[in-house]
Protein chains: 2
Amino acid sequence: MRVLKYAILGLLYRQEYSGYDITSQFKQEIGQFWSAKHSQIYPELRKLVDEGLVEFRTQIQGEKLEKKMYTITEQGRQELLAWAAQPESLPETEKDEFMLKMYFIHTLSPEQARALFEDQLQQRRAKLAYLQQRYESLMPVFAKEENGEKHTQATHGQTASDTAPLAFHNPNLGHYLVLTKAMAREQSYVDWLERHMKLFV
Amino acid sequence: MRVLKYAILGLLYRQEYSGYDITSQFKQEIGQFWSAKHSQIYPELRKLVDEGLVEFRTQIQGEKLEKKMYTITEQGRQELLAWAAQPESLPETEKDEFMLKMYFIHTLSPEQARALFEDQLQQRRAKLAYLQQRYESLMPVFAKEENGEKHTQATHGQTASDTAPLAFHNPNLGHYLVLTKAMAREQSYVDWLERHMKLFV
DNA sequence: ACCAAACATGTAAATATCAACATGTTTATT
DNA sequence: AATAAACATGTTGATATTTACATGTTTGGT
C-alpha cells in the first residue's frame, strides 16, 4: 500500500523538508497516526526521487554539513491528491497488545490483572494530559473559547475542547483534527479502563 | 517482539486448536486487536514446536484429511504467563490512514473532504452496529440487564452495555472486555466524526 | 451426481518495519 | 577549550506482514 510514500508527499505538499525534518515531524502530532524511523525514511526518499515524485537540492549547513532539502514535484502532487481523495475500507484489525493480554485475562491472578490495568490507566491518563497541554499551547484561542461554556464539569468521556471551532479554510485544521482525535481516543481509553476497574477491587 | 507467538500461546492456553482454527479465531472478536494470516500462522506454529512451546497430534478428518491439533506445553504456559503479566509502555503511534488523510485535509476540496468524512462515518457506524449485535447475541444476559436502567437515552458517546456486569472469575470475561473495548473505540470514532461534520456543511 | 463453500495446510516473493551499526557536523553550554 | 545534545545521512540484518501461488478434502445443498 506504501502509505509512507503518501505521508512524505503530504508533508512536502506544504513545505520543503530534509529527511531529518521529516523524522522530526513524525515525533510531533501526526506521529499519533503515522510514523516511520529514519532508516525507513531515507530509502523511501531516494525511491521517490527515482520515481520523479520529489526533488532535492543540497544545502550547506554551517561550514560543510550537507543536507538535502526535498520538494514535491507536480507528478508527486497529483499522486498525493489521488490517494488523499480515495476512501479506504476500515482495517479489520487495530493492533493493541494490551487488549490482547486482556483477552487472555484468565491467565492472570486478579492482582496481576489489576496491576496491568492500573499501569495502563496511568499511562493513558499521562498521554491524555500531554495531548491536552499540547492542544492548549498550540491552539490557545480555541482552548480558551471553550473553557467558559462547557469545560466546567466534563466527566462523561469527552472534553469540551473536542468540539470543532475551526473553519475549513484554516491552515491549522489538519493539526487541529489529529490533536482532537488523539485526545478523543485517549479519553475513550481512560473511560473504558475506569469503567472496568471495579472488576478487580 | 513476536506478539504472534503469545497470541497463539494464549489461544492454546484454553483449548486445542488447528492452524485453521487459529486463523478462524483471528476473524472473531480478538481480531479487533490482533490478527495474522494463515501464511504467517503456519510457520509460527512450526517455530513454536521447534522451541518446545507447543505440541501437536495429527488427527484424521473424514477419510484422509490430516489436520494437526496443537496443544500448549508446560514451557509454553510459563512463557505465556511471563509475557501476560508484564506491563508494556504505550506505542508512540497507532496507525490510522484515514487520520493521516485528515492531517492533509488542505489537499482536498471541501466536497472531497466531506465525502471522505461521510464514508468513514458510515463505515464506523456499520462496524459499531455489528459489534453491538455480536454483544447482544453472545452476552444476552448482560445486554438485557442494562436495557432497562440506562440504555434509554444514551447519546453521549457511551453505550450502557459498556458497564462491566461480569465478575473476575467468569470464563467469558476476556471476550467481554475485547467486545466492550471495541465498541467503545468505534463509538468514540463515530462521536468525533459527528462532532466535526459541521466543518463541511 | 454435481457443485460451491468451507475446511485444511503449506510455500514463495514482495514489502514494511525496526534495531543496530556507522559516521560525521553544528550548536549551545560550561 | 571541552563536551554533550542536537543535527544530519546513510546501510545492514533481522523480523513481521501481506499477497499470491499451490494443492487437496469434506460437507451441505440441489
Side-chain angles (χ1 to χ4, degrees), chain A residues 1-8 11 16-28 31 33-51 54 56-70 83 88-97 100, chain B residues 1-8 11 16-28 31 33-51 54 56-70 83 88-97 100:
Chain A
M1 219 161 303
R2 249 181 109 196
V3 180
L4 179 57
K5 163 181 165 178
Y6 300 104
I8 291 174
L11 289 171
E16 191 179 47
Y17 280 122
S18 68
Y20 187 87
D21 293 335
I22 291 169
T23 309
S24 305
Q25 283 298 308
F26 285 141
K27 288 172 187 155
Q28 307 288 309
F33 298 106
W34 207 271
S35 72
K37 311 286 184 193
H38 78 275
S39 56
Q40 199 185 354
I41 292 164
Y42 288 115
E44 185 67 34
L45 281 167
R46 167 181 287 260
K47 207 170 173 188
L48 292 172
V49 170
D50 292 347
E51 293 168 331
V54 309
F56 69 90
R57 62 192 178 84
T58 303
Q59 189 183 288
I60 302 295
Q61 188 87 350
E63 282 292 292
K64 46 179 167 173
L65 206 190
E66 294 192 350
K67 67 166 161 177
K68 295 179 180 170
M69 297 304 292
Y70 291 88
W83 166 80
E88 300 273 347
S89 51
L90 301 189
E92 39 170 49
T93 302
E94 296 180 32
K95 291 190 172 179
D96 183 334
E97 197 174 337
L100 181 63
Chain B
M1 218 162 304
R2 248 181 112 196
V3 181
L4 179 57
K5 164 181 164 178
Y6 299 104
I8 291 174
L11 289 171
E16 193 179 45
Y17 280 121
S18 68
Y20 187 88
D21 292 335
I22 291 169
T23 308
S24 304
Q25 283 298 307
F26 284 140
K27 288 172 188 157
Q28 306 289 308
F33 298 106
W34 207 270
S35 71
K37 312 284 184 193
H38 78 275
S39 57
Q40 199 184 354
I41 292 164
Y42 288 115
E44 186 65 36
L45 281 168
R46 167 181 287 260
K47 207 171 174 188
L48 292 172
V49 170
D50 292 347
E51 292 168 333
V54 308
F56 69 90
R57 61 189 179 86
T58 303
Q59 191 182 288
I60 301 295
Q61 188 86 350
E63 282 292 292
K64 47 180 167 174
L65 209 189
E66 294 192 351
K67 66 168 164 177
K68 295 179 180 170
M69 297 304 293
Y70 292 88
W83 166 80
E88 300 274 345
S89 52
L90 301 188
E92 38 171 49
T93 303
E94 296 179 32
K95 292 191 172 178
D96 182 334
E97 196 174 339
L100 180 63

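Here the structure is a predicted model, which means the values were calculated and not measured. Order of the sequence lines fixes the chain letters, A, B, ..., with proteins taken first and strands second; residue numbering starts at 1 for each chain.
Within the structure, a side-chain polar atom (N or O) of K67(A) is placed less than 4.0 Å from OP1 or OP2 of dA8(D). Here K64(B) reaches the OP1 or OP2 of dT25(D): one of its side-chain N or O atoms lies under 4.0 Å away. An OP1 or OP2 oxygen of dG10(D) is reached within less than 4.0 angstrom by no side-chain nitrogen or oxygen of Y42(A).
Across all strands shown, Q61(A) has heavy atoms under 4.0 Å from sugar-phosphate atoms exclusively, and none from any base. Residue contacts shown for S39(B) include a base, since a base heavy atom lies under 4.0 Å away. Heavy atoms of K95(B) sit under 4.0 angstrom from primed sugar atoms or phosphate atoms, though from no base atom.
Between the side chains of D21(A) and S18(A), at least one donor N or O sits under 3.5 Å from an acceptor N or O.
Along DNA chain C, the nucleotide nearest E44(A) and the nucleotide nearest E63(A) are compared for position; the residue whose nucleotide lies closer to the 5' end is E44(A).
When distances are taken from the side chain of H38(B) to each of dT9(C), dT26(D), dT9(D), the shortest belongs to dT9(C). Side chain of D21(B), nearest nucleotide from dA8(C), dA6(D), dC18(C): dA8(C). Residue W34(B) places its side chain closer to dT17(D) than to any other of dT26(D), dT25(C), dT17(D).
Residues Y70(B) and F56(B) place their aromatic rings such that the two centres sit under 6.0 Å apart.
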